[in-house]
Amino acid sequence: MLTRALATFVVVLLALGVAPTTGDAQAPIKIGVIQPLSGPVAASGNYVRMGAEIARDWLNAHGGVNGRKIELVIEDNKSDPKEAASAAEKLIVRDKVPAIMGAWGSSMTLAAMPKLEEYGVPMVVETSSAASVTKRGNPWVFRISPPSEMEALGLEQYVDKLGVKKADFLAVNTDWGRGAIQAFGDMLKKRGVQVGVSEFMEQSATDMNAQLTKIKATGGDTLFLTTAVEQITLVLRQGQEQRLQRKVITTGGSSSPTQLIKQAGAAAEGSYHIVFFMPWFPEAMPDGKLAKAFVGEWNKRGHPFEGLTEGFRGHDGIATIAEAVKLAGKDEPKAIRDALWKVSFTGVNGPIKFDKDGPAGKESGQSKPSIFVVQVRDGKVALPDFLKK
Amino acid sequence: MEQLLQHLVNGLVLGGTYALLGIGLTLIFGLMSVVNFAHGEFYTLGAYGTFGALALVGLPFFLALGAAIVLGALVGALCERTLLRPLRRESIDTVMLVMIGVWIAMQNTELLVWGGVARSIPHPFPTAPLTLGPLNIAPVRLFVVAAAAALIGASWLLIQRTRLGTAMRATFQDRDTAALMGVPIGRIHTITFAFGSALAAAAGALLGPVFLAYPSMGDLASLKAFSVVILGGLGNLAGATLGGLLLGVAEELGAGYVSSGYRDAVGFVAIILVLLFRPAGLFARAERVG
């Protein structure tokens with residue numbers, strides 16, 4: 001009888017929304033996280049989540065932010081733009097988060113963005129590459145990943161050394177893939193490189209033989225490949241099955257070369273990858289000590305090593321928001337947004353500081369991330385010869 | 001010309017696997033009037049079953065394939081006995097909703113057990129392709145096509161030439177009369193569902209090593225299986241086989257000569273045309289179920 005009365009009491013308390021708390025000052029600071037935790041690109045989203053959790057635990061171990069703990073409210077967007085929009089709405093309306101990190105893919109991020117403007121909540125974009133993310137005039141968007149244009153500019157200096165003379169493109173049929181073809185195509189044309197065909201694949205497609213047959217017929221020397229690691233694995237394997245002899249360069253930083261070596265084997269040999277974190281040589285990162293500590297913590301938690309090239313994004317995204325909350329002095333969306341403009345610190349990728357991007361008066365924030373190129377050689381990840389000192 | 005030949009070879013290889021996916025689904029629908037939304041999950045089960053048998057149990061490759069197929073049949077039989085049998089007198093919509101539930105439950109179980117990261121299933125075939133003039137084809141794909149053809153042939157023989165197959169067809173034609181003639185309807189349903197599920201698991205076991213295994217892999221497989229069944233006519237085994245090959249070639253040529261961005265659209269345009277002009281399926285006049 002007593003237990004039943006007690007249970008009723010608790011239920012009534014919860015229903016009234018007066019669950020016992022110890023006052024607002026001690027309540028945790030909530031940060032919303034939207035990632036693809038299931039669906040075709042689930043692996044990447046889960047790695048970002050793991051990185052975000054490391055940032056949260058590190059911050060909390062040092063007393064939190066402004067004396068309050070950080071709490072992550074994590075939502076799955078199921079690799080689906082529609083779900084990303086409803087996840088953003090749920091985080092803002094029901095969980096009342098003052099800031100969000102998300103939403104991995106460009107199409108997912110773009111779908112969530114109108115909700116930010118509608119409710120006035122800032123979002124730090126940790127992965128998306130499509131130019132449109134910061135060009136749409138949404139002043140609540142702050143991106144710490146490089147847009148494809150920036151990646152293309154980063155690669156431009158190596159085009160001759162890589163020996164790119166005639167290039168073809170194969171990309172996932174999303175805002176990310178289409179944007180990357182545009183950006184890298186423009187850069188290559190400017191350098192006088194011939195551009196062959198541009199082929200697309202659906203995000204869930206597994207058989208790319210039709211596209212590869214077409215690409216093979218152009219007689220180019222280089223294939224620019226823009227998609228996540230799962231499809232890169234399949235394209236490399238199927239390219240081998242068709243005797244497609246190309247220099248492969250992946251863009252977007254979601255290629256996880258370590259996983260490719262494991263799953264594509266010899267088919268990955270010689271491929272080049274644009275990455276934004278080099279866990280194989282953390283000491284070469286802008287803040288070597290932080291990078292080393294991050295790799296160490298990742299391994300200590302038993303997370304797979306191949307997830308590190310994605311996981312650092314989660315760390316840097318949460319660290320950016322925490323930094324803004326600290327500067328703002330409170331966890332209120334508008335104050336965090338204003339404070340994001342003043343953020344300046346070094347994350348795992350490198351220095352994070354926002355410049356204005358997009359139409360005047362409604363600019364989004366865009367940082368200048370560090371960009372690296374690595375190569376798979378003898379079944380290991382190495383710096384390409386032209387980068388060796 | 002060389003490119004066209006390669007596209008045709010690619011399309012037929014892909015179509016063979018679509019056919020294998022389609023016949024399991026069409027059998028279950030034709031015999032039991034169950035719209036099996038969980039079909040793709042049995043495909044996933046087959047792929048992970050192979051992975052588990054290889055990586056965790058350490059079985060040799062071909063035994064692992066067999067084990068995965070048996071696993072598919074067992075889970076299928078279990079599903080029929082526990083979920084479908086009590087609903088046999090219910091409307092097709094109720095059963096459909098239950099199968100959607102099975103689909104979601106199985107997919108999330110796979111996510112829970114294996115995690116979201118794709119798994120690569122090792123196979124013993126050489127990775128270098130066989131080359132015939134301008135054509136290239138990977139040995140593992142040849143094996144998949146041969147195995148798919150063998151499985152389709154065996155299914156056809158089972159349904160056309162055995163006593164069990166006769167009982168299955170009788171049940172499909174008229175359940176009550178078949179029951180009066182002494183056909184154990186309950187057992188026929190269990191066997192049919194297990195058999196259809198085993199075929200889906202076989203497709204997953206064969207294609208897992210070609211592609212990758214991941215929890216949502218069944219969604220695409222379901223989509224293709226339904227397309228094949230609609231193309232070929234519901235409950236039509238030969239139709240599903242031809243429908244599979246047709247869909248594979250149509251997608252491949254669409255991607256090769258129209259636009260790879262609209263690859264899936266080409267398949268669906270074909271389906272819309274079929275539904276408009278031959279609503280019962282392209283091969284509707286052939287005898288249903290076998």
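Proteins get letters first, then strands, A, B, ... in listed order; numbering begins at 1 in each.
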Next on the checklist: So, taking the atom named CZ in B:R263 and the one named CG in B:L253, what distance separates them when rounded to the nearest 0.5 Å?
Outcome noted: 10.0 Å
Checklist entry - Taking the six-membered ring for Trp, are B:F51 and B:Y48 parallel (under 30°), tilted (30 to 60°) or perpendicular (over 60°)? => result perpendicular
Item to check | Residue A:K78 excluded, over 12 heavy atoms near NZ under 6.0 Å | outcome: no
Checklist entry - Should the pair A:F224 and A:F184 be assigned to parallel (<30°), tilted (30 to 60°) or perpendicular (>60°) ring geometry? => result tilted
Checklist entry - So which residues of residues 255-265 of chain A are in contact with chain B at a heavy-atom cut-off of under 4.5 Å? => result A:Q259, A:Q263
Checklist entry - Just checking, is any N or O donor in the side chain of B:D219 or B:W103 under 3.5 Å from an acceptor N or O on the other one? => result yes
Item to check | A:F305 CZ: over 12 foreign heavy atoms closer than 6.0 Å | outcome: yes
Checklist entry - Most heavy-atom pairs under 4.5 angstrom with chain A, which of B:D264, B:I121, B:L14, B:L111? => result B:L14
Checklist outcome for this item: So, the part of A:N173 with a heavy atom under 4.5 Å from chain B: the answer is side chain
Next on the checklist: Main chain of A:V381, side chain of A:Q375: is a donor-acceptor contact present, judged purely on distance under 3.5 Å?
Outcome noted: no
Next on the checklist: Take a 6.0 Å sphere around NZ of A:K380 and say whether it holds more than 12 heavy atoms from other residues, nucleotides or ligands.
Outcome noted: no
Checklist entry - Given that the side chain runs from C-beta out, which part of B:L220 has a heavy atom under 4.5 Å from chain A: side chain, backbone, both or neither? => result side chain
Next on the checklist: Can you confirm whether the side chains of A:T226 and A:T251 place a donor and an acceptor under 3.5 Å from each other?
Outcome noted: yes
Item to check | For chain B, the option from A:R237, A:E230, A:M208, A:E306 that forms the most heavy-atom pairs under 4.5 Å | outcome: A:R237
Checklist entry - For A:T213, is it the side chain, the backbone, both, or neither that has a heavy atom closer than 4.5 Å to a heavy atom of chain B? => result both
Checklist entry - Relative to chain A, which segment of B:F211 carries a heavy atom at a distance below 4.5 Å: side chain, backbone, both, or neither? => result both
Checklist entry - Going by distance alone, is a donor N or O of one side chain under 3.5 Å from an acceptor N or O of the other, for A:R243 and B:T131? => result yes
Checklist entry - Between B:A128, B:A138, B:P129, which shows the greatest number of heavy-atom pairs under 4.5 Å with chain A? => result B:P129
Next on the checklist: Report which part of B:S260 has an atom under 4.5 Å of a heavy atom belonging to chain A: side chain, backbone, both, or neither.
Outcome noted: both
Checklist entry - Any luck finding a side-chain donor-acceptor pair between A:E126 and A:W104 under 3.5 Å? => result no
Item to check | Engaged part of A:Q240 at the chain B interface, taking heavy atoms whose separation is under 4.5 Å | outcome: both
Item to check | chain A contact via B:R119 - which portion, at a heavy-atom distance below 4.5 Å | outcome: backbone
